[in-house]
Amino acid sequence: MADLAALLQDPMSAVAATEPSNLAPLAVSVLIDEFGEAVVGDLADDDLTGRLARRQYVIDRLKLDFSRDAARLAATFANENAGDLLDAPTAGEWIRHNCKTTGSVAYDAINVGEQLHRLPQCADALAAGAIGFAHLSVIARTAKALDGLRTEPAFSEDELLERAKESSAGRLWHYCMRLRHALDPEGVAQEQRIAVEERRLQFSVWDDGSVLISGRLDPVGGAAVRTALEPLAQPMGEGDDRCLERRQGDAIVELSLHSLDAGLVPQHASQRPHLQVTTTLETLQGLPGSPAADMEFSTPISSITVQRLACDGNIARVVFGPDSVVVDVGRAARVVSGAARRALNARDEHCRWPGCERTASWSAAHHVVHWTQGGKTDLSNLLLLCHRHHWMVHEGGWKLARSDDDQVLAIPPTYDYWRSAQLQRSSRE
Ligand SMILES: [Zn+2]
Ligand SMILES: [Zn+2]
């Protein structure tokens with residue numbers, strides 16, 4: 001058993017004195033083991049909820065102590081040359097790196113520690129188990145935001161503590177935001193102005209050509225995007241078992257395609273933005289040995305994708321290679337003319353996939369027999385399909401059939417194309 005008094009004075013001394021190759025059993029580690037067992041010692045082994053609540057209480061108490069020391073470290077950075085001695089620009093950076101945590105955890109701890117002198121009742125309530133550290137963190141952030149307001153007393157610890165005792169940390173955060181606005185509307189507006197200025201969106205391309213999207217939006221901007229995507233990300237049609245993330249990914253592509261197709265995106269350099277595809281006639285016809293087509297902003301695309309995009313004249317232009325006749329099939333001479341499309345919209349009204357009700361303006365005019373194969377552009381050969389179901393028919397391997405009563409049936413692919421793609425990939429490796 002380690003010398004407890006010495007350890008409590010300098011708990012890391014045992015760690016520092018131990019070679020990395022001989023980490024176990026550390027005195028601190030043994031103490032923690034014994035303490036951890038003692039904390040739940042009176043609870044049955046299968047009392048999981050009791051054990052979790054007890055352990056979280058311990059974590060919160062430790063976080064409170066951690067915050068006090070974090071604030072003390074921050075004070076040394078502010079007043080002394082701790083930055084040079086510890087080789088870190090800020091206390092938060094030192095904590096992030098050396099305590100193996102994230103920047104937000106480090107700065108949150110510092111802020112809680114710095115606000116504790118204004119929150120004695122909250123600290124007592126945490127010690128008594130009445131609130132969690134997450135509540136204390138929210139209250140400390142509010143206290144800091146309202147610090148220095150001329151309209152003192154701006155901040156009532158009593159009121160926030162009572163709220164904290166009866167609500168989740170998430171609900172408390174909403175309450176604090178409303179309270180902050182009531183006390184400091186200009187401060188909240190300023191914060192939201194800064195959040196807008198910090199909007200960004202980045203695209204990076206993976207090895208296989210997939211696009212990785214990352215970015216940051218202010219609360220209002222984020223809400224606008226989510227509000228626009230949410231209806232599009234609902235399950236659609238029979239047998240839709242896509243997870244939410246997949247549906248949201250499909251939704252942002254659908255929103256983009258629709259905006260381009262409906263001409264909602266403003267002109268740029270006298271051209272209306274549209275998907276630009278350059279292909280040979282052979283690729284458009286899907287002939288064996290034909291090269292992949294080129295698409296602006298994309299890696300080369302397959303012939304069946306070109307066929308889908310060209311099915312409805314959904315691309316600005318198909319420019320054939322030097323050996324083929326140049327034919328425009330884009331918006332200048334749509335494959336499905338205005339009159340034919342209006343008749344199709346009137347007949348089908350929405351996507352014809354079983355159970356799908358995506359409206360006509362959000363759907364493409366699909367040629368059952370593709371026009372490059374001699375299929376006619378008249379009602380007998382056309383069906384409305386939304387972007388997702390159009391993809392499923394062209395690239396996804398699904399087949400459409402008509403029942404005797406003129407209903408459309410969707411027949412799943414006879415092979416698992418995901419599996420077959422994986423097999424192809426593994427056989428190449
Ligand atoms: Zn089609
Ligand atoms: Zn559909």
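Here the structure is a predicted model, which means the values were calculated and not measured. Ligands are counted one by one from 1 in listed order, and the atoms in each one are counted from 1 as well.
Here Glu395 pairs with Arg308 in a salt bridge; the nearest charged N to carboxylate O distance falls below 4.0 Å. No salt bridge links Asp218 with Arg193; every basic N to acidic carboxylate O contact stays at or beyond 4.0 Å.
The structure places CZ of Arg358 at 8.0 Å from OG of Ser363, a figure rounded to the nearest 0.5 Å.
Inclusion of His387 in the first shell of the Zn ion (ligand 2) is not supported: no N, O or S atom falls under 2.8 Å. At least one N/O/S atom of Cys356, whether from backbone or side chain, sits less than 2.8 Å from the Zn ion (ligand 2).
For the Zn ion (ligand 1), the count of nearby protein N, O or S atoms, meaning those under 2.8 Å away, is 4.
Contacts of Asp208 classified as side-chain contact (heavy atoms from CB on, under 4.5 Å), with partners at least two apart in sequence or in another chain: Trp206, Ser210.
The side-chain heavy atoms of Tyr107 and Arg96, taken from C-beta on, include no pair separated by under 4.5 Å. Side-chain contact between Leu344 and Leu384 is present, with heavy atoms from C-beta onward closer than 4.5 Å.
Rounding to 10 degrees, one finds that the Zn ion (ligand 2) sits at the corner of an angle of 110° between Cys351 SG and His389 ND1.
Relative orientation of the His366 and His394 rings is perpendicular, given thresholds of 30° and 60° on the angle between their planes.
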